[in-house]
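Before any comments, here is the structure.
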Amino acid sequence: MPELPEVQTVVDTLASRIVGCTIQSVDLARTDILTPQDCDLCAHLTGRRVESVTRRAKRIVITLDDGNRFYVHLGMSGRLTVELSDAPRPKHTHCVIRFESSELHFADPRRFGGIWWLGKDASNEEELGPEPLTLGARALAARLSRTTRAIKNVLLDQTVIAGLGNIYADEALFESRIHPLRRADRLTNDEVTQLNRAIKRVLRRALKHKGSTLRDYRDANGESGTFQKLHRVYDREGQPCWRCKGPIKRIVLGGRSTHFCPRCQPHIARRMRRAKSKLIHQLCW
DNA sequence: GTCCATGTTCTTTA
DNA sequence: CTAAAGAACATGGA
């Protein structure tokens, strides 16, 4: 569920409430959400103070006062919320970190998320691509030029650009008027520049509205985001396009729903190929 | 019962 | 090697 804007909103709301707090105890209700499995999280955390809460891609990175770090990934349905001491623990609350006068709850029904212990290891992110908000158009162009895959699939590839998910990939392509099936290496320099701007614009707008809540997403205070009301294409199949009023189309790409406006995001090469084969068909028959 | 879902990773197939 | 497609993970809502 959570993409960059949602994760950043959790980080912001979390940091203001737990930085400086000392961990009293840790309850790990199920160990299968922890990587590596054999790590003694309780021993590592108890007595430590939270130094900082930051974001890298879709990961929430927590640094302790002894320099050790771990990160939480929310997967599809994860929540990281700050609750009062001894608050009830709803179903699927897998880990509770207790502070002096509050506690941090990690809940995740689908369990695609989890907690990863990093220790003092500086790496563990060499497989992640650059951050979209600070990525330059030239750097993006260089990365896109190395693959023939459809641009929508490439935007979801965290090793190419890290932090976008299904919602914001669709929204950024609409914003830059690029068809999701266009080959990444065939975008013009101008199109990549537009796409790069669109990505930043969409992410900033979503951040301003504290992310999109489709179902499970909440920030650390339990508040929903509101950006879902401003989606231009995502989950709007058949509804009128914001720009041209034509119907939004939905296709499946890489097993994921992809939403776009066929009129505002034309696929020129594809259209020409179609016209050509139609012409050949007419001439031959 | 069916299908679908904001993510990631692995396997199979071409 | 590249890539697409499918399945897997687990749960709940429509």
Side-chain angles (χ1 to χ4, degrees), chain A residues 1-11 29-37 55-60 71-80 90-94 106-116 124-129 132 143-173 180-186 199 202-203 205-207 209-219 223-238 250-259:
Chain A
M1 148 230 160
E3 306 180 28
L4 188 151
E6 290 78 31
V7 176
Q8 184 65 52
T9 304
V10 172
V11 164
R30 31 186 333 149
T31 52
D32 61 348
I33 58 136
L34 181 63
T35 308
Q37 288 265 354
R55 181 190 59 76
R56 171 67 175 112
K58 298 174 191 172
R59 302 170 177 180
I60 298 159
Y71 74 83
V72 176
H73 196 297
L74 300 176
M76 290 276 255
S77 58
R79 278 188 200 179
L80 206 48
K91 209 173 164 183
H92 307 301
T93 302
H94 307 310
F106 173 64
D108 182 12
R110 291 173 72 178
R111 268 184 282 141
F112 292 171
I115 300 173
W116 279 259
N124 197 286
E125 64 162 59
E126 58 282 324
E127 72 278 16
L128 288 176
R143 301 181 82 80
L144 297 184
S145 70
R146 282 192 254 115
T147 180
T148 63
R149 295 148 73 199
I151 184 63
K152 164 68 188 284
N153 287 337
V154 177
L155 292 180
L156 292 180
D157 185 340
Q158 304 296 299
T159 67
V160 175
I161 180 169
L164 294 180
N166 212 24
I167 297 175
Y168 300 108
D170 281 1
E171 294 295 321
L173 286 173
L181 288 174
R182 289 282 303 283
R183 264 176 64 160
D185 63 341
R186 293 204 178 148
I199 289 169
V202 165
L203 292 178
R205 208 180 292 147
L207 275 165
H209 296 270
K210 311 211 180 248
S212 306
T213 295
L214 301 187
R215 195 216 242 36
D216 300 298
Y217 167 70
R218 299 291 185 281
D219 68 17
E223 308 264 336
S224 297
T226 58
F227 191 66
Q228 67 281 0
K229 296 176 193 163
L230 300 177
H231 291 170
R232 301 296 199 232
V233 286
Y234 184 82
D235 204 20
R236 294 194 65 244
E237 182 184 13
R250 172 183 174 273
I251 59 175
V252 175
L253 235 177
R256 320 286 310 270
S257 283
T258 294
H259 314 77

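The structure presented is a predicted model; accordingly, all values stated were derived computationally and were not measured. We name chains A, B, ... by the order of the sequence lines, and we start the count at 1 in each one.
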Margin query: Please check this pair: side chain of A:S77 against backbone of A:R110, looking for a donor-acceptor N/O pair closer than 3.5 Å.
Written below: yes

Notebook entry, point to check: Once you round it to whole Å, what is the distance between P of B:dT6 and CD1 of A:I60?
Noted result: 19 Å

Item checked: Between P of B:dA5 and CG of A:L214, the distance in whole Å -> 11 Å

Notebook entry, point to check: Any sub-3.5 Å donor-acceptor pair from A:E223's side-chain atoms to A:R218's backbone N or O?
Noted result: no

Check: In which ranges does DNA chain B form stems of 3 or more consecutive Watson-Crick or G-U pairs, distances under 3.5 Å?
Finding: B:2-5 with C:11-14, B:7-14 with C:2-9

Next item on the list: Return yes if some donor-acceptor pair links the side-chain N/O of A:Q8 with the main-chain N/O of A:P5 below 3.5 Å, else return no.
Entry: no

Item checked: Residues in ring pair (Phe, Tyr, Trp, His ring centres under 6.0 Å) contact with A:H73, at least two apart in sequence or another chain -> none

Next item on the list: For A:R56, enumerate each residue passing the side chain to side chain donor-acceptor pair (under 3.5 Å) test, keeping only those at least two apart in sequence or located in another chain.
Entry: A:E125, A:E131

Margin query: Under the rule for side chain to side chain donor-acceptor pair (under 3.5 Å), what residues qualify as partners of A:T159, not counting sequence neighbours?
Written below: A:D157

Notebook entry, point to check: Which residues within residues 149-166 of chain A lie with some heavy atom under 4.0 Å of an atom in DNA chain C?
Noted result: A:R149, A:A150, A:N153

Next item on the list: Classify the nucleic acid contact of A:Y168 as base, sugar-phosphate or nothing, counting any heavy atom under 4.0 Å across all strands shown.
Entry: nothing

Notebook entry, point to check: Rounded to the nearest Å, what distance is computed from the CE atom of residue A:M76 to the P atom of nucleotide B:dT8?
Noted result: 10 Å

Item checked: Rounded distance in Å between the C1' positions of C:dA3 and B:dT6 -> 25 Å

Notebook entry, point to check: Listed by chain and number, what are the side chain to side chain donor-acceptor pair (under 3.5 Å) partners of A:R30, not counting sequence neighbours?
Noted result: A:D32

Check: Can you check whether A:L214's main-chain N or O pairs, donor with acceptor, with A:Q228's side chain at less than 3.5 Å?
Finding: no

Check: Among all residues two or more places apart in sequence or in another chain, which pass the ring pair (Phe, Tyr, Trp, His ring centres under 6.0 Å) test with A:F106?
Finding: none

Check: Under 3.5 Å, is there a donor-acceptor pair between the side chain of A:R149 and the main chain of A:A184?
Finding: no

Next item on the list: Please work out if A:R250 contacts a base, only the sugar-phosphate, or nothing of the nucleic acid, heavy-atom cut-off 4.0 Å.
Entry: sugar-phosphate

Notebook entry, point to check: If only side-chain N and O atoms of A:K58 are considered, is one of them under 4.0 Å from the OP1 or OP2 phosphate oxygen of B:dT6?
Noted result: no

Margin query: Without decimals, in angstroms, what is the distance between A:E237 CD and B:dC4 P?
Written below: 10 Å

Notebook entry, point to check: Who passes side chain to side chain donor-acceptor pair (under 3.5 Å) against A:D235, sequence neighbours left out?
Noted result: none

Check: Think A:S257 has a side-chain N or O under 4.0 angstrom from the OP1 or OP2 of B:dA5?
Finding: yes

Table of protein N/O atoms under 3.5 Å from nucleotides 10-14 of chain C N/O atoms:
unit_1	atom_1	unit_2	atom_2	d
C:dA10	O4'	A:R110	O	3.1
C:dA10	O3'	A:R111	NH2	2.8
C:dA10	N1	A:R110	NE	3.2
C:dA10	N1	A:R110	NH2	2.9
C:dA10	N3	A:R110	NE	3.3
C:dT11	OP1	A:R111	NH2	2.5
C:dT11	O3'	A:H92	NE2	3.2
C:dG12	OP1	A:K91	NZ	3.4
C:dG12	OP1	A:H92	NE2	2.8
C:dG13	O4'	A:R215	NH2	3.1

Checklist line | Set of residues satisfying ring pair (Phe, Tyr, Trp, His ring centres under 6.0 Å) with respect to A:H94, sequence neighbours excluded | finding: none

Notebook entry, point to check: Could you run down nucleotides 9-14 of chain B 5' to 3' and tag each one B, S or - for protein heavy-atom contact under 4.0 Å?
Noted result: ------

Next item on the list: May I ask you to decide if A:H259's main-chain N or O and A:E237's side chain share a donor-acceptor pair within less than 3.5 Å?
Entry: no

Check: CG/A:L181 to NZ/A:K152 distance, rounded to the nearest 0.5 angstrom?
Finding: 9.5 Å

Margin query: Keeping A:R236 on the side-chain end and A:R232 on the backbone end, is there a donor-acceptor pair under 3.5 Å?
Written below: yes

Check: If you check the A:T148 side chain, which of B:dG7, B:dC4, C:dA3 turns out closest?
Finding: C:dA3

Notebook entry, point to check: How long is the line joining CZ of A:R256 and C1' of B:dC3, in whole Å?
Noted result: 16 Å

Check: What's the CG-C1' distance between A:D216 and B:dG7, to the nearest Å?
Finding: 13 Å

Next item on the list: Mind listing the residues from residues 226-233 of chain A sitting with a heavy atom below 4.0 Å of DNA chain B? Number order is fine.
Entry: none

Next item on the list: Would you indicate, yes or no, if B:dT8 has its OP1 or OP2 atom less than 4.0 angstrom from a side-chain nitrogen or oxygen of A:H73?
Entry: yes

Notebook entry, point to check: So, does A:T35 use its side chain to make a donor-acceptor pair with the main chain of A:W116 at under 3.5 Å?
Noted result: no

Next item on the list: Could you state the atom-to-atom distance from CG of A:L253 to P of C:dG6 in whole Å?
Entry: 12 Å

Check: Rounded to the nearest Å, what distance is computed from the CD1 atom of residue A:I33 to the P atom of nucleotide C:dC9?
Finding: 19 Å

Next item on the list: Using the C1' atoms only, state how far B:dT8 lies from C:dC1, rounded to an integer number of Å.
Entry: 23 Å

Next item on the list: Heavy atoms only: give me the nearest A:D216-A:R79 pair and the separation to one decimal.
Entry: O-NE, 2.9 Å

Item checked: Side-chain N or O of A:S77 closer than 4.0 Å to phosphate OP1/OP2 of B:dA5 -> no

